[in-house]
Amino acid sequence: MDCRYQFVLAVWPMTSTRLLADCCAELTAVADLELIDAPVELKRFSRDAYDFSPVLREQLEGCCADVVVRPHTVAAVAVVAGACTRHGIPLTLRGAGTGNYGQCVPLQGGVVMLMGALSKVRHLDPDTGVVTVESGCLLRDLDQHLSRLGRQLRLLPSSWRSASVGGFVAGGSGGIGSVRWGFLRDPGHLLALEVVTAEDSPRQLQLDAAGSEALNHAYGSNGIITALSLATAPAVAWQEVMIDCEDWSEAVALALRCTRAAVDLHLCSLHERPIVDQLPHWCGASNGQHRLLLLVAPDGVSTLERLAEEAGAHCKVWGQEADRGGTGLRELTWNHTTMHMRAVDPDWTYLQMLLPQPELAAMKVLKQQWGDDLLWHLEAVRQQGVQRLAALPIVRWRGRQSLEQLMNDCRQLGAVVFNPHVITVEDGGLGVVDADQVAAKCRYDPKGVLNPGKLRGCL
Ligand SMILES: Cc1cc2nc3c(=O)[nH]c(=O)nc-3n(C[C@H](O)[C@H](O)[C@H](O)COP(=O)(O)OP(=O)(O)OC[C@H]3O[C@@H](n4cnc5c(N)ncnc54)[C@H](O)[C@@H]3O)c2cc1C
C-alpha cells in the first residue's frame, strides 16, 4: 500500500479505548518500564512551553495523553514502540518538555514516552572529541561531563539546564554558540544516531551522519532516538561582557563589528532599552540604554573593550562565566529573553526571523508601524557560513490577524520568518515539505504512529 495512504488512515479521530486497553495490558508486564496514569501527571506530561504563543495555547490546551510510560532501557523502548504500532496507538516522545511549539504535545492522545531515564554518556573519543550520549541526558549534565575532559558543547539552547540532548536535536535549532557554529542542521554537528523504529517488530538501527539528517528537527515523528553522537569543541573559559549604547543604530553596528572581529565569540545578544528595563538585573541594573550581552574567549576581552570605546559605548567586563554562582548572562538571551518579558507581562509574545540586510531599514519600518508594541531582541548567528543577525522580537498580542499581518510585513521587507505559532515541522521552518523526512517516516514509522499531526508532508 502507498505509504502516504497509510498515513491518511492513521489519523485517528480518537484513540480507541479497546486498542488502548490491549496495548496497556501488554506494557504492564514489561521490565524496566514505568506506567503512569494519574490524571494530574497525564496532564503535566502532555504540555510543553507552548504558552509563549496565544495561538498554540488555544489550539493545544485540551490535548492529553491516555497513558505515560518511562522506559529505563533501550529494550523497553522497543517494546513500547512495537505495542503502540501493532495496536495503532499514537506514540509521542518527550525529553524535558521545554519545546515552544507544542512539539511533544500528543494531539490525538495515546502514549507519551518519557525519554529522561536513558541518560548515560556512553563514550567520548579522546582524539576527535566526538561524544556519544543517550538521548534523555540533560544538556547541563552532558556539558559538565565534557568540561571535566576539557571539551564543551558547541550549541546550547538557553534552556540548557533543563533540556535534553535528544529533545534539542529533534525539536530545537540553535542558540548559545550559533554565532560561531550556526545551527544544528548544518552538516558537522550531528554525526550519528541510534534509532528504534516504530514497526510491529521494532528494529534498532545505527545511522551515520547522512542517514541521521532526516531525523534532525523532525519532532520525533520519524524515529525514536535512543543515542546520538555529536561533535564538541575544546573548552573555553568564556568571559561575560556587557556593553551599553545610547543609540540603537550604533548598537546594531557595534554588534556587527564584534561578530566580524577576530575574536572567539560564544554569544552576542542585543536588547532594546525597554527590554533591558524589564530583565532580571543579574548583569547590572538598567541605565536606560540598549544593551549588548556577549560571551567571549579571554583573549578577546580587550578587543571588545576597544570596539566599545571607539563607538562611545560603555563596556563592563563581568569576568569568567564559570565563577558566577547560579544563573549567568546567557540566561537572559535567546528565548529566555521572551520568558523574562512574559513573566512581567503575559500579554507579550514573540516572533523569530532572520533579518534582511541591511538590517536597520527593515527594523525601522516595523518599529514605525508597531511602536512600543514591538521591542527588538537580536541574536548574532552564522547562517550558511555568513555572519547575520537573527531577531526574536517581543511582540504585544493584538490578536491573530495582527500577528499574521506582522509576519507578512516582515516577509515583504525581506526577512525569513520562522513562525513559532504553528505545530508542524514545515510551517515552523521554510514552509516546504522535506522529502527525506517523509521518506524516513515511511521507512521507520510505516503506520504513522509517531507524533501524528506534526509532519505536514505526512498528513
Ligand atoms: C525559556 C526557553 C528558552 C529556550 N531557548 C531555546 C534556544 O535557545 N534554542 C532552541 O533551539 N530552543 C530553545 N527553547 C526550546 C527548547 O527548550 C529546546 O529546543 C530544547 O532543547 C528542547 O529539549 P527538550 O528535552 O525539552 O525537548 P522536548 O520539548 O521534550 O521535545 C522536543 C521535540 O523532540 C522530540 N523528542 C524528544 N526526545 C526525543 C527522542 N529521544 N527521539 C526523537 N524525538 C524526541 C519530542 O517529541 C518533541 O517533538 C527554549 C525554550 C524555553 C522555554
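Both counts, for ligands and for their atoms, begin at 1 and track the order of listing.
For atom 43 (C) of ligand 1, the closest heavy atom belonging to the protein is L93 CD1, 3.4 Å. With respect to atom 22 (C) of ligand 1, the closest heavy atom belonging to the protein is T98 OG1, 3.4 Å. Scanning the protein heavy atoms around atom 10 (C) of ligand 1, the nearest turns out to be G174 O, 3.3 Å. Counting only heavy atoms of the protein, atom 35 (C) of ligand 1 lies nearest to A170 CB, 3.6 Å. For atom 11 (O) of ligand 1, the closest non-hydrogen atom on the protein side is S173 N, 2.8 Å. At the shortest separation from atom 25 (O) of ligand 1 among protein heavy atoms lies S164 OG, 2.6 Å. Nearest protein heavy-atom contact of atom 48 (C) of ligand 1 is Q103 CB, 3.4 Å. Distance from atom 12 (N) of ligand 1 to its nearest protein heavy atom, with residue and atom name: P157 CB, 3.9 Å.
Which of N335, T333, T337, I225 comes nearest to atom 41 (N) of ligand 1 through a heavy atom is settled by distance: it is I225. Proximity annotation for atom 3 (C) of ligand 1: of S158, S221, G136, S158 comes nearest, heavy atoms only. Nearest-residue assignment for atom 21 (O) of ligand 1 (options F45, F168, W160; heavy-atom criterion): F168. Comparing heavy-atom distances from atom 24 (P) of ligand 1 across S178, A96, A49 singles out A96 as nearest.
Every atom of ligand 1 is numbered from 1 in the order shown, and the set under 4.0 Å from a heavy atom of G171 is 32 (C), 33 (C), 34 (O). Of all atoms in ligand 1, listed by their number and element, those nearer than 4.0 Å to a heavy atom of G220 are 43 (C), 44 (N). When each atom of ligand 1 is checked for a heavy atom of G223 under 4.0 Å away, the hits are 43 (C). Proximity to W334 (heavy-atom distance under 4.0 Å) selects the following atoms of ligand 1: 8 (O). Which parts of ligand 1 touch M339 is read off a 4.0 Å heavy-atom cut-off, strictly below it: atoms 1 (C). Those atoms of ligand 1 that come under 4.0 Å of a heavy atom in G172, given as number and element, are 11 (O), 19 (O). Those atoms of ligand 1 with a heavy atom of S135 less than 4.0 angstrom away are 41 (N). Remark: ligand 1 atoms within the under-4.0 Å shell around heavy atoms of R94 are 30 (O).
Figure legend: R330 and W238 shown without cation-pi pairing, the cationic atom not lying both under 6.0 angstrom from the six-membered ring centre and within 45 degrees of its axis. For the pair R154 and W181, the cation sits on the ring face: its NZ or CZ lies under 6.0 Å from the ring centre, inside 45° of the axis.
Salt bridge present: R86 and E26 bring a charged side-chain N and a carboxylate O closer than 4.0 Å. A salt bridge is absent between R342 and D347: the closest approach of a Lys/Arg side-chain nitrogen to an acidic carboxylate oxygen does not fall below 4.0 angstrom. A salt bridge is defined here as a Lys NZ or Arg NE, NH1 or NH2 lying under 4.0 Å from an Asp or Glu carboxylate O, and E272 with R291 fails to meet this definition. Between R185 and E213 there is no salt bridge, since no side-chain nitrogen of the basic residue lies less than 4.0 Å from a carboxylate oxygen of the acidic one. For K120 and D141, the salt-bridge test fails: no basic side-chain N is under 4.0 Å from an acidic carboxylate O. Of the charged side-chain nitrogens involved, none lies within less than 4.0 Å of a carboxylate oxygen, so that R396 and D372 do not count as a salt-bridged pair.
Proximity of the aromatic rings of W282 and H340 is defined here by a centroid distance below 6.0 angstrom, and this criterion is met.
Distances from ligand 1 to the non-hydrogen atoms of N451 include at least one value under 4.0 Å. Remark: distances from the non-hydrogen atoms of N100 to ligand 1 include one below 4.0 Å. Assignment of A218 to the shell around ligand 1 is not supported, since no heavy atom sits closer than 4.0 Å.
Taking CZ of R388 as the start and OG of S178 as the end, the distance is 14.0 Å to the nearest 0.5 Å. L215 contributes atom CG, which lies 8.0 Å from atom CD of Q437 (distance to the nearest 0.5 angstrom).
Residue R400 places its CZ atom among 12 or fewer non-hydrogen atoms of other residues, nucleotides or ligands, all under 6.0 Å distant.
At under 3.5 Å, not a single nitrogen or oxygen of I224, backbone or side chain, sits near a nitrogen or oxygen of ligand 1. Note: an N/O pair closer than 3.5 Å links G99 and ligand 1 by distance alone.
Partners of D427 by side-chain hydrogen bond (donor to acceptor under 3.5 Å, both in side chains), not counting sequence neighbours, listed by chain and number: T424, R456.
Counting only distance, with no hydrogens or angles, the side chain of E240 and the backbone of L295 share no donor-acceptor pair below 3.5 Å.
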